[in-house]
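Note: hydrogens, waters and symmetry copies are ignored here, and every other heavy atom, side chains too, is used. Since the model is a prediction, treat every value here as computed from it, not as a measurement.
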Amino acid sequence: MRRSLWLLGPLLLLHAARAGATLAPAPLFETIGVEQGLPSSRVEEVIEDRAGFLWVATGDGLARYDGVGFKVWRHDPADPASLPANHIQTVFVDREDRVWVGTADGGLSMLDADRAGFRTWRGGSQAGQLSGTDVWAIAQSGDGAIWAGTFKGGLNRLDPAS
């Protein structure tokens, strides 16, 4: 029985080749980079929102990709509603379709559903403040709370009523 199975495999391959069968082509990647408008070739994370936009956390700002091009948000020292830093380490879209970003040394920021500006929580030593400015992870729990994991600052919970 073993011998017949061993011979059957090569015979089936030979028959498929004679019948004109072709192997599926290997998948080809398309590179979308700085030349196409991505703010940095350092991509930390990608997530999709309800409208189908891709949000890209990069080493030089937050980018939204619509399938054709990018809209980019960066830190502007003259605008308090801009990102607090350009190195975006993580991005998360919550159930209310708000975009949350964790930055390197800038804290946690939220872009509201209108996409008008950012609200930022920076780290500090006072009670109730974010425990660190280097945010690496963001999640939302069943009760709507936003959770932010920081480097050397531990885990933070933001009440949904805040």
Legend entry - Note: Asp49-Arg115 ion pair, threshold 4.0 Å (strictly below): yes
Residues 149-159, side-chain donor-acceptor partners within the protein, below 3.5 Å, at least two apart:
{"unit_1": "Thr150", "atom_1": "OG1", "unit_2": "Gly153", "atom_2": "N", "d": "3.2"}
{"unit_1": "Thr150", "atom_1": "OG1", "unit_2": "Gly154", "atom_2": "N", "d": "3.1"}
{"unit_1": "Thr150", "atom_1": "OG1", "unit_2": "Gly154", "atom_2": "O", "d": "2.9"}
{"unit_1": "Asn156", "atom_1": "OD1", "unit_2": "Ser131", "atom_2": "N", "d": "2.9"}
{"unit_1": "Asn156", "atom_1": "OD1", "unit_2": "Ser131", "atom_2": "OG", "d": "3.2"}
{"unit_1": "Asn156", "atom_1": "ND2", "unit_2": "Ser131", "atom_2": "OG", "d": "2.9"}
{"unit_1": "Asn156", "atom_1": "ND2", "unit_2": "Ala148", "atom_2": "O", "d": "3.4"}
{"unit_1": "Arg157", "atom_1": "NH2", "unit_2": "Asp143", "atom_2": "OD2", "d": "2.5"}
{"unit_1": "Asp159", "atom_1": "OD1", "unit_2": "Ala161", "atom_2": "N", "d": "2.8"}

Inset, instruction - Would you please test Thr120 and Ser109 for side chain to side chain donor-acceptor pair (under 3.5 Å) and show each step? - result: CA-CA 4 Å; Thr120 298; Ser109 291; 2.7 Å; yes
Legend entry - Nearest heavy atoms of Asp134 and Ala104, plus distance in Å: OD1-CA, 3.5 Å
Legend entry - Sequence neighbours excluded, every pair satisfying ring-ring contact (aromatic ring centres under 6.0 Å, His included) that has a member inside residues 74-95: none
Legend entry - Identified side chain to side chain contact (heavy atoms under 4.5 Å, CB included) partner of Val99 from the options Asp112, Ile47, Leu62: Leu62
Legend entry - Verify same cluster id: Phe53, Ile88 (apolar side-chain graph, 4.5 Å): yes
Inset, instruction - Can you measure from CG (Leu108) to CZ (Phe118) and round to the nearest 0.5 angstrom? - result: 11.0 Å
Inset, instruction - For side-chain contact (heavy atoms from CB on, under 4.5 Å), just list the numbers for Glu45 and Val91, CA-CA rounded to whole Å, side-chain angles, deciding distance to a tenth of an Å, and then say yes or no. - result: CA-CA 7 Å; Glu45 191 166 20; Val91 60; 4.3 Å; yes
Inset, instruction - Provide the closest heavy-atom pair for Gly61 versus Pro39 in the form atom of the first, atom of the second, distance. - result: O-CG, 4.3 Å
Legend entry - Least distance between heavy atoms, Val34 atom then Ser41 atom: CG2-N, 3.7 Å
Legend entry - Worked check of side-chain contact (heavy atoms from CB on, under 4.5 Å) between Trp121 and Met110: CA-CA 9 Å; Trp121 292 265; Met110 178 200 64; 3.9 Å; yes
Inset, instruction - Output the distance between atom CD (Gln36) and atom OG1 (Thr31), rounded to the nearest 0.5 Å. - result: 8.0 Å
Legend entry - pair Trp73-Val101: side-chain heavy atoms closer than 4.5 Å: no
Legend entry - Asp60 bridged to Arg74 by N-O distance under 4.0 Å: yes
Inset, instruction - Determine whether Leu130 and Trp100 fall in the same hydrophobic cluster, where Ile, Leu, Val, Met, Phe, Trp and Tyr are linked whenever their side-chain heavy atoms lie under 4.5 Å apart. - result: yes
Inset, instruction - Verify, without hydrogens or angle tests, whether Gln89 (side chain) and Val135 (backbone) share a donor-acceptor contact under 3.5 angstrom. - result: yes
Legend entry - Other ILVMFWY residues reachable from Leu54 by side-chain steps of under 4.5 Å: Ile32, Leu38, Val43, Val46, Val56, Tyr65, Phe70, Val72
Inset, instruction - Rounded to the nearest 0.5 Å, what's the gap from CZ on Arg98 to CD on Gln140? Could you check? - result: 7.0 Å
Legend entry - Between Trp147 and Ser141: side-chain donor-acceptor atoms closer than 3.5 Å: yes
Inset, instruction - Please report the closest heavy-atom contact between Gly69 and Asp66, naming both atoms and the distance. - result: N-OD1, 2.8 Å
